[in-house]
Amino acid sequence: MGRPHEDSSIRKQRLRAAAASASSSKVTIDLDEEPPVVEPTIQGSSSPFNRRGDFTERNPGDTDVLITPPATLTAQEMRTPEEGQTYKHKPNMPEGMIPKVGMPFESEEAAYEFFLAYAEKTGFPIKWYRTKTTKRDIACSMGGHWSFAKPPEERVRNKFTKKTGCKVNMKLKDVENSEGEYSGNVVVETVCLDHNHPLAATPRVVKQMRCHKRKDKEVMKYVDHLHGSDVPPQCVRSLVREMYGSQHIVPMTSRDLKNRKAETTRDRNSDDINKMISFFKYCEEQNPQFFWAFECDDDGIIQNLFWSHASMQGEYADFGDAVTFDTTYKTNMYNMPLAMFVGSNHHHQNTIFGVALLRQETIKSFQWLFGAFKSCMQGANKLRCILTDEDQAMAEAIKLEFPGVIHRLCRWHVTNKVQPQLNDLAAVHKGFNEKFSSAINHPLTPNEFELAWKDLLDEFGLHNDPTLRTLYRNRMDWVKAFFKKDYCGRMTSTQRSESVNMMVKNEGLDRKTSLHMFPKLMLQFIQRRSEKEAAEAYGDMSIQETGAQWSFVEQAARLYTRNVFMQFNKTVSAATRYHIVPDPDHGEHHYLVQHTNRTSKITWGQHEFKITVDPDNEVYECECRSMEHTGLFCEHIIRGFMRANVDRIPAKYFLKRLTKFARKELPFDRHDEKLQGEDGETQRYRHTNLMLDAMAVVRAGTMSSAGYKRALFVLKELRGQISKLPADIGINNTNKQASASNRRVAEGDNFIADATDDTQEPPYGASRGASMGGVPQQAVGRSDISEAPAAGEPAMIRRRQAHNTDTISSMPPPRSKVKGDRNAPSETRTLGAQGPKLCTRNCSLCGLATGHNRASCPENPKNAERIEMLNQPKRKRGRPRALEKMLDAQSSAKLFRSLDSEFSAASDQRSAPSTSSFNDGDEEEYLSGSE
């Protein structure tokens, strides 16, 4: 608000006059004099203006407010430094830390550490500058001058430089002994300590210099473990800070930790194939039962890969009668599909029998994989049923490699494939979804399914629908009612495989995973799953609450595992809802069971089930065939137990795979790694405890000079004493244990599985022998499968595989073309949206109706560069991987071999024979980077 009753024109004139008077005044500043002291302004009742510049009136209640103006630079700070001005260390620098001419040192490293300590205290970086035979210089990193490597017209951006031409250095000279030889000692020849640039003011700034970032090897190894365990960066920084005690003491920055992770990732991904082979050999050393097989293409590049640990083979020996097999993607950096053989254990948990990586999903690849699986599992005679999706290549390979095994299709995949057509039917016919779901899920016999399907077609008039006709034509491959007589492990779909695929991806396996890290992470995943199984085994030690007081229920509670008994107990509760009457057509021990609350909506349902309950002959059967299909009794048989007062269920009706005694005694060790010492402690456990105590000693030793010297002396003495002690963890100890185990088996101490259960398959591997001929040759390129054990060896013992890894190229496999990819790796990409197009409009530039417009037309001159860049192979940000350098070396080696062969051919034409100038040793030396 302005003054009261003031005209606006008068107010504008007054403001213009005030502005003119302010612009006419001139302010001069003399840099050589101290700036005048500015009196603080007072705003309030004594100031005639408010913040907007309007006039205000004084109110009785107003108070004065003091406002301090912003600080300005002093004349000393504004003055440009003189050209010859120098900077040195502070006067309070200890005399013993200042370099002087003639100072002797035991080695170059000792001299560098001395000058580094002086540089850290003073505040400047150092480096090795000139190195000669007898003289070396340690200089300030800001010495020298820097210039652009490219001409100005090619510069992408301007860069800053710290090169000031500083002359600070310390020149070292070797010392000769009495015999005129260099002894390794050095002496300071010349010293220059005058800098031409300001020095770092605080230790925090000094920590930013590369030479003063003291990265302890043990600490960085600990950081690498944290990064390898996918610990978030902020947690890594917190743990490192806790190790040092304070953030100011940490000799590295957050950016250094990020760079360390990137550097570790680059090193880890380099030489991928050789590292993978080394890991597989390590697994063989840990447990000779480990199995792995590979297939290479014509160039020796890995094409297919399969492996199975001893624990996986033990799981197959116990629960390998029903298997689900499926492939998943986006689990590795080469886009190779992941294939796993998955089953369920006696706790109804998922378990893995084998893992494979394939380059292509073809009949040949699957046939090779199934052959390798049979070789690993000694013929895979235990397998009864395998569930897959509708992949035709899988189906053909299963027919060839698993004759006689029941191949069942996943119900979800079958119906999901035609889900759009089913949705259309549901939109037209009300109640179709309920009827369709009931027809494929509820029938207990094939006859019931036929009646239910006929009822569905009659109600909605869909006899000629092509979708339903296709589903009905393949009904014997996926409808549950047709598999009632076959044991399928309570599996009707590949849901267990899908579940394992999701858990694997949640454990860190993604499209960034290298090939050698993949089996390591899979081993960690399997070990974590074994911990889950151990937790359930511990729960089985508790006493089961039966609820019902029937004797056969208490018997089942003692034998079944906790999860299986919970399912059995639910069946007992459901059995009480059934009526049971004698069957007049079949006489004694035959009954008819009917639900008390039957519904009239399901006209096709069988309302009475015929059962046989004969305690004298121990015969219990039901026409629903639930016992044969799931291994557990149905409600109808349980109701018969109640009617006939059955006290005990015969042992032949308890499947061993569902009881607490499912684990068999096998002639090999199930443990995949042996990293425990004689006292049972692991290497990682000891490392963690020692690291915590050692860092506590370090923190305490840095608080005083006497503590520092004492800790350093004790640690050096302790390290010398410990290095002389023999190790009890490692491959040497493992080999001793493995040799003892093999010797024990060879002497005849064979662990034969319990064969008293006549409902089980023969002992695992008992019918092996000639069937271990390996994989059919037509399904194998260059591969290596282990041979059968020698005569007299136990059935499950596998000898050490003699893999010929020399045939494997160190080049990584190309990116796989999997199902569902839009563009093949060699397909040319175009501008605009990808995928199929309608192509109903013509381009205004070229006139073609090929799915593009003027902006994305390839004939447009503006798009030539865009299309070229679009089809160029993408390179990741950052430094190039060491793998690319290795590939360049290999391509160069191939060029040398081709030139050498031409030279040899030309020499053969002459009389004088010639030898190759590039032998295998030279090639290995060249590929290793030594030349």
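None of Arg528, Arg529, Lys520 except one satisfies the salt bridge (Lys or Arg N to Asp or Glu O under 4.0 Å) rule with Glu507; the exception is Arg528.
In this structure, a donor-acceptor pair under 3.5 Å is absent between the side chains of Ser270 and Asp267. A side-chain N or O of Trp292 and one of Glu284 form a donor-acceptor pair less than 3.5 Å apart. Checking Asn274 against Asp271 by side-chain atom types alone, a donor-acceptor pair falls below 3.5 Å. Using modelled atom types, one finds a donor on one side chain and an acceptor on the other under 3.5 Å when comparing Tyr334 with Asp272. Using a 3.5 Å distance cut-off with no hydrogens or angles, the side chains of Gln349 and Glu533 do not pair a donor with an acceptor. Checking Arg260 against His227 by side-chain atom types alone, no donor-acceptor pair falls below 3.5 Å. Checking Asn345 against His347 by side-chain atom types alone, no donor-acceptor pair falls below 3.5 Å. For the residue pair Asp672 / Ser311, a side-chain donor-acceptor distance below 3.5 Å is found, with atom types taken as modelled.
Using a cutoff of 4.0 Å between basic side-chain nitrogens and carboxylate oxygens, Asp318 and Arg670 are scored as salt-bridged. Using a 4.0 Å cut-off between charged nitrogen and carboxylate oxygen, Lys261 and Asp224 do not count as a salt-bridge pair. Using a 4.0 Å cut-off between a side-chain N of Lys or Arg and a carboxylate O of Asp or Glu, Glu315 and Arg663 qualify as a salt bridge. A salt bridge links Lys100 with Glu95: the closest approach of a Lys/Arg side-chain nitrogen to an acidic carboxylate oxygen falls below 4.0 angstrom. The pair Glu681-Arg686 meets the salt-bridge criterion, since a charged nitrogen lies less than 4.0 angstrom from a carboxylate oxygen.
Dense packing is recorded around NZ of Lys163, with more than 12 heavy atoms of other residues, nucleotides or ligands lying under 6.0 Å away. Shown here is Arg204, whose CZ atom has no more than 12 heavy atoms of other residues, nucleotides or ligands within 6.0 Å.
Across all their heavy atoms, Pro519 and Phe279 have their closest contact at CB-CE2, 3.7 Å. Scanning both residues, Ser542 and Gly539, for their nearest heavy atoms gives OG-O, 2.6 Å. The two residues His671 and Asn287 come nearest to each other via the heavy atoms O-ND2, 2.7 Å. Residues Met142 and Pro125 approach most closely at CE-CD, 4.5 Å, considering heavy atoms. For the pair Arg699 and Thr702, the tightest heavy-atom approach, listed with the atom from each and the gap, is O-OG1, 2.8 Å. Contact between Ala317 and Lys664 at its shortest, heavy atoms only, is O-NZ, 3.1 Å.
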Worksheet item: Going through the distances and angles, do Cys211 and Lys127 end up as a side chain to side chain contact (heavy atoms under 4.5 Å, CB included)?
Response: CA-CA 7 Å; Cys211 62; Lys127 65 176 182 179; over 6 Å; no
Fill in: Stepwise salt bridge (Lys or Arg N to Asp or Glu O under 4.0 Å) test for Lys213 and Asp256
CA-CA 9 Å; Lys213 296 176 180 179; Asp256 294 332; 2.9 Å; yes
Item to complete: Please test Thr202 against Val205 for side chain to side chain contact (heavy atoms under 4.5 Å, CB included), starting from the C-alpha separation and ending with a verdict.
Response: CA-CA 6 Å; Thr202 61; Val205 180; 3.3 Å; yes
Fill in: side chain to side chain contact (heavy atoms under 4.5 Å, CB included) between Arg237 and Leu257, worked out
CA-CA 8 Å; Arg237 292 195 298 267; Leu257 295 177; 3.6 Å; yes
Discussion item. Before you tell me yes or no, could you show the steps for Ile126 and Leu116 under side chain to side chain contact (heavy atoms under 4.5 Å, CB included), namely the whole-Å CA-CA distance, both residues' side-chain angles and the distance that decides it to 0.1 Å?
Written reply: CA-CA 7 Å; Ile126 65 172; Leu116 182 65; 3.7 Å; yes
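Contact check for Met276 versus Ser514: no side-chain heavy atoms found under the 4.5 Å cut-off. Taking the side chain as every heavy atom from C-beta outward, Met170 and Tyr118 never approach each other to under 4.5 Å. Contact check for Ile808 versus Ile273: side-chain heavy atoms found under the 4.5 Å cut-off. In this structure the side chain of Asn169 never reaches within 4.5 angstrom of the side chain of Ile138, judged on heavy atoms. Under the 4.5 Å side-chain criterion, counting only non-hydrogen atoms from C-beta, Phe525 is in contact with Ile352. Using a 4.5 Å heavy-atom cutoff, the side chains of Leu172 and Tyr112 are not in contact. Side-chain atoms of Met243 and Val219, non-hydrogen and from C-beta on, do get closer than 4.5 Å to each other. The shortest distance between side-chain heavy atoms of Asp194 and Lys88 falls below 4.5 Å.
Between Phe290 and His309, the ring planes lie tilted relative to each other; the angle falls in the 30° to 60° range. Using bins of under 30°, 30° to 60° and over 60° for the plane-to-plane angle, the ring pair Trp307/Phe518 lands in the perpendicular bin. Note on ring orientation: taking the six-membered ring where Trp is involved, the planes of His687 and His225 are perpendicular (angle over 60°, cut-offs 30° and 60°). Aromatic ring orientation, Phe115 versus Phe124: perpendicular (interplanar angle above 60°, classes split at 30° and 60°).
Remark: Gln527 engages Leu523, Ser530, Glu673 in a side-chain contact (heavy atoms from CB on, under 4.5 Å) (not counting sequence neighbours).
The backbone N or O of Ser308 sits less than 3.5 Å from a side-chain atom of Gln313, completing a donor-acceptor pair. Listed for the Thr122 side chain is no donor-acceptor partner under 3.5 Å among the backbone atoms of Ala119. In terms of modelled atom types and a separation under 3.5 Å, the side chain of Asp510 and the main chain of Lys512 share a donor-acceptor contact. Judged by distance alone, with hydrogens and angles left aside, the side-chain atoms of His516 form a donor-acceptor pair with the main-chain N or O of Arg268 at under 3.5 Å.
Atoms OG1 and NZ, on Thr513 and Lys505 in that order, are 11.0 Å from each other to the nearest 0.5 Å. Here Lys532 contributes atom NZ and Met503 contributes atom CE; the two are 9.5 Å apart, rounded to the nearest 0.5 Å. Note that the CD1 atom of Ile302 and the OG atom of Ser810 stand 11.0 Å from one another [nearest 0.5 Å]. Considering CE of Met691 and NZ of Lys221, their distance stands at 8.5 Å, rounded to 0.5 Å. Within the model, atoms OH of Tyr708 and CE of Met703 stand 15.0 Å from one another, a figure rounded to the nearest 0.5 Å. Taken from NZ in Lys162 to CE in Met209, the straight-line distance is 9.0 Å, to the nearest 0.5 Å.
Counting only residues at least two apart or on different chains, the salt bridge (Lys or Arg N to Asp or Glu O under 4.0 Å) pairs with a member in residues 109-121 are Glu113-Arg214, Glu120-Arg214.
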